[in-house]
Amino acid sequence: MLQIKSKHGYQLLELLMQNPHGVSLSDLRISLNLSRRTIFYTLSAINDALAKEGLDGIINIRNLGYLLPNDTLSSLEKLQSESLKFTNFNELLDHGRFSKQLNKDDRYILIKWLLISRPTTSINKCNQFFDVSRNTTINDLKIISDKLPKDLRLINTPAGKKIIGPEVVKRRWVFTNFMEIFNLVSDHLTFKTDPKIEKQLKLLEKITGNTLVDDAFRSLTLYIKWLLERITNYPNFQLQNSAQTDTSLALTWANSFLSDENVSSLGEAKFLAEIINTQAFQHINWDNPLIKQLQPITQKMIQRFNQVSGTELPVSGSKLSHDLLIHMVSTYYRAKYKIKYRNPLLNQIKQNYRESFEITRTAAQPFIDFTEQPLSDDELALITVYFSGAIRKLNLPIDSEDGVMVICSSGIGTSQLLITQLRRRYPSVNFLGPFNSFQYENAPITNVRLIISTVKLTSRIETARPLITMPVMPSDTDWQRVEGWLVKVGLISEQAITSHPLITPDAIIDVISNYVRIVDYPGLEKALKGYFNRLSPQPEKVLPTVFDNSFATYIEQEVEWKNATWLAMNPLINNSSIEPSYVSKIIQLTEEHGDYMAIGKGIFLAHAAPNAGVNKLGFSYTLFKHPFYIGNSHKQIKLIIGLAPIDQKKHLKVLGALMHHIQNDRWMNQLNHIHSQNELETALIHSHLIN
């Protein structure tokens with residue numbers, strides 16, 4: 001490896017290699033912003049380094065300038081093409097160069113590492129390290145200065161730039177980003193791990209009874225290698241001794257390991273033990289006193305997750321409770337020592353498991369209360385994976401027969417109305433659900449060929465299925481789109497598509513009569529109607545108790561949609577059928593998913609899941625004299641039907657009756673000509689919607 005004893009040597013040499021036909025002295029001075037004297041000194045230093053490698057030095061040819069002999073140039077290019085390899089991190093930091101251009105984000109992270117790892121670093125050193133211009137380095141440093149962790153500052157010194165602040169904060173930043181750093185520089189290093197440190201970590205696992213996961217084992221090995229280089233090459237960076245309050249086996253190991261490396265500092269041993277405890281474990285020592293403290297906390301987390309999600313995950317004695325407890329041990333130490341974890345899948349998890357992620361945020365509150373420390377989204381995303389994995393193993397009720405999955409945000413209102421129409425229109429297709437978006441995120445969908453949703457969803461990457469969004473009251477164009485997809489996924493044939501809007505008993509009887517003699521026409525008609533009713537129950541007169549908790553309100557003043565929603569749900573709040581949080585959830589869902597609760601014909605079916613704050617089944621019908629719009633939607637609303645469901649079934653008769661009336665033009669026309677509270681109550685009583 002070429003060792004040039006000049007801080008400008010590699011930069012000047014690179015300039016000559018890029019210009020094999022020669023560079024004049026004036027061009028060298030301008031390009032490098034150096035004095036004539038420094039140029040000559042640097043040329044001499046390069047020639048000394050070349051001579052030690054048995055290579056001819058730089059020559060100066062009149063009218064051409066300074067250039068490298070062809071043999072020397074070829075040797076250097078070969079050396080460069082093989083990529084300079086360094087045997088340790090300090091060597092790389094002192095002499096490394098990135099001939100391959102890095103994107104700015106990668107460059108920023110390496111500049112921070114460079115500045116933290118060295119006592120001081122000049123601008124020219126950065127220029128050389130990244131092969132960029134002086135102006136680029138200056139701009140980079142300005143940006144980095146504003147993005148440093150709290151308590152760290154970038155300052156100027158006579159020897160160059162320097163990051164000042166607590167040593168522990170610097171190390172934690174490096175630890176948080178270390179594998180990203182290593183992946184960027186690994187091509188310039190001769191090692192991928194360190195056998196000596198690996199051997200010590202395996203000894204640690206035997207001593208403590210804790211087994212690290214493979215990724216944690218590797219990252220610790222490499223980070224400890226960097227840390228040892230730091231404190232042995234720069235003793236001023238060593239942490240000071242402190243009072244020993246920790247008597248853990250990890251500290252005992254760390255103290256012994258560092259002593260073997262001639263580092264006698266209890267402060268360093270404590271830091272190393274803390275870092276180790278923050279790592280993910282495959283197995284843990286169940287005699288650890290922390291386990292007894294965390295076990296009831298993780299059980300509370302699972303209970304809270306069940307309450308919010310409506311699932312029934314086992315609270316104890318399950319793989320989830322076991323694995324989550326192991327995970328929360330390292331999470332506890334990261335929270336305690338303020339070690340940040342960077343989750344590379346954060347954005348993907350937040351996008352694909354949106355509902356699960358937010359439920360996990362709520363479920364984690366007992367742990368946050370225990371540690372008195374917040375959990376970052378990166379940490380929550382990790383915990384989400386545990387809950388989601390457990391949900392999938394519950395085998396949510398997906399039929400074994402191939403079919404179409406129907407989804408709504410809550411799985412209660414709009415999806416019920418849509419699936420009723422789908423089943424009536426395509427009785428041969430197996431429509432599954434309806435499911436809420438949380439179930440969609442976590443259900444096995446092996447037997448699902450198509451997904452239909454009333455809200456916009458993100459396709460599940462791992463098992464992609466066609467996903468279409470449909471309104472609750474589909475138009476002819478919407479039905480054509482559904483039929484096209486049903487044909488495409490092989491659930492119906494093109495020949496089966498009929499121009500009739502519905503498959504009716506009369507239409508089926510007409511087909512049958514072409515092939516057989518019908519002996520009992522009334523009996524066949526009755527049997528077919530009964531079959532259709534079982535697929536999609538038609539509203540019949542229901543028991544009065546079903547509608548006891550129903551209210552009608554006529555609003556004369558002008559209101560915007562959020563106030564209208566509160567007004568519509570107030571009767572249910574006043575009699576404790578729902579909590580105010582239920583209304584807030586309806587508004588939140590509308591803001592997040594759009595106007596999917598606007599089911600057509602000026603009607604807004606306001607609803608959320610039962611666990612959002614429903615105490616008992618209830619309905620409210622609120623008619624507004626002055627129509628309004630939902631947010632940026634172009635759908636004008638005149639009637640809000642407030643639905644407070646206690647489960648996914650008990651409100652279905654009411655929804656069936658509603659669908660029957662909504663599809664009746666005469667009923668809708670009557671509704672649109674109501675102008676008083678009495679008229680509204682009378683119409684709803686006659687329609688068997690309120691008592």
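- A donor-acceptor contact shorter than 3.5 Å is absent between the side chain of Gln11 and the backbone of Asn127.
- Partner Glu261 forms a salt bridge (Lys or Arg N to Asp or Glu O under 4.0 Å) with one of Lys225, Arg230, Lys196 and no other, that one being Lys196.
- Of the inter-residue distances, the one linking Arg218 atom CZ with Leu201 atom CG reads 13.5 Å to the nearest 0.5 angstrom.
- Of the inter-residue distances, the one linking His327 atom NE2 with Leu320 atom CG reads 11.5 Å to the nearest 0.5 angstrom.
- Under a 3.5 Å cut-off, the side chain of Glu229 and the backbone N or O of Asn88 do not form any donor-acceptor pair.
- Judged as a side-chain hydrogen bond (donor to acceptor under 3.5 Å, both in side chains), and not counting sequence neighbours, the contacts of Arg107 are Asp140.
- Ring pair Phe178/Phe89: centre-to-centre distance below 6.0 Å.
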When the side chains of residues 207-217 are checked against the rest of the protein, which donor-acceptor pairs come out under 3.5 Å, sequence neighbours left out?
from   : atom 1 : to     : atom 2 : distance (Å)
Thr208 : OG1    : Leu204 : O      : 3.0
Thr208 : OG1    : Asn210 : N      : 3.2
Asn210 : OD1    : Asn285 : N      : 2.6

Next item on the list: Apply the test side chain to side chain contact (heavy atoms under 4.5 Å, CB included) to residues Ile302 and Tyr386: give CA-CA distance (whole Å), side-chain angles for both, the deciding distance (0.1 Å), then the verdict.
Entry: CA-CA 11 Å; Ile302 298 172; Tyr386 283 91; over 6 Å; no

Notebook entry, point to check: Hey, mind stepping through Phe129 and Tyr10 against ring-ring contact (aromatic ring centres under 6.0 Å, His included) and telling me if it holds?
Noted result: CA-CA 9 Å; Phe129 196 79; Tyr10 293 101; over 10 Å; no

Note to self: Using salt bridge (Lys or Arg N to Asp or Glu O under 4.0 Å), reason through Glu268 and Arg171 one step at a time and then give a plain yes or no.
What the structure shows: CA-CA 11 Å; Glu268 288 294 348; Arg171 294 185 188 187; 2.6 Å; yes

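- For Ser265 and Gln238, the side-chain atoms include no donor-acceptor pair closer than 3.5 Å.
- A salt bridge links Glu358 to Arg361: at least one charged side-chain nitrogen sits closer than 4.0 Å to a carboxylate oxygen.
- Between the side chains of Thr221 and Asp194, no donor N or O sits under 3.5 Å from an acceptor N or O.
- A donor-acceptor distance shorter than 3.5 angstrom exists from the side chain of Arg465 to the backbone of Val448, with no hydrogens or angles considered.
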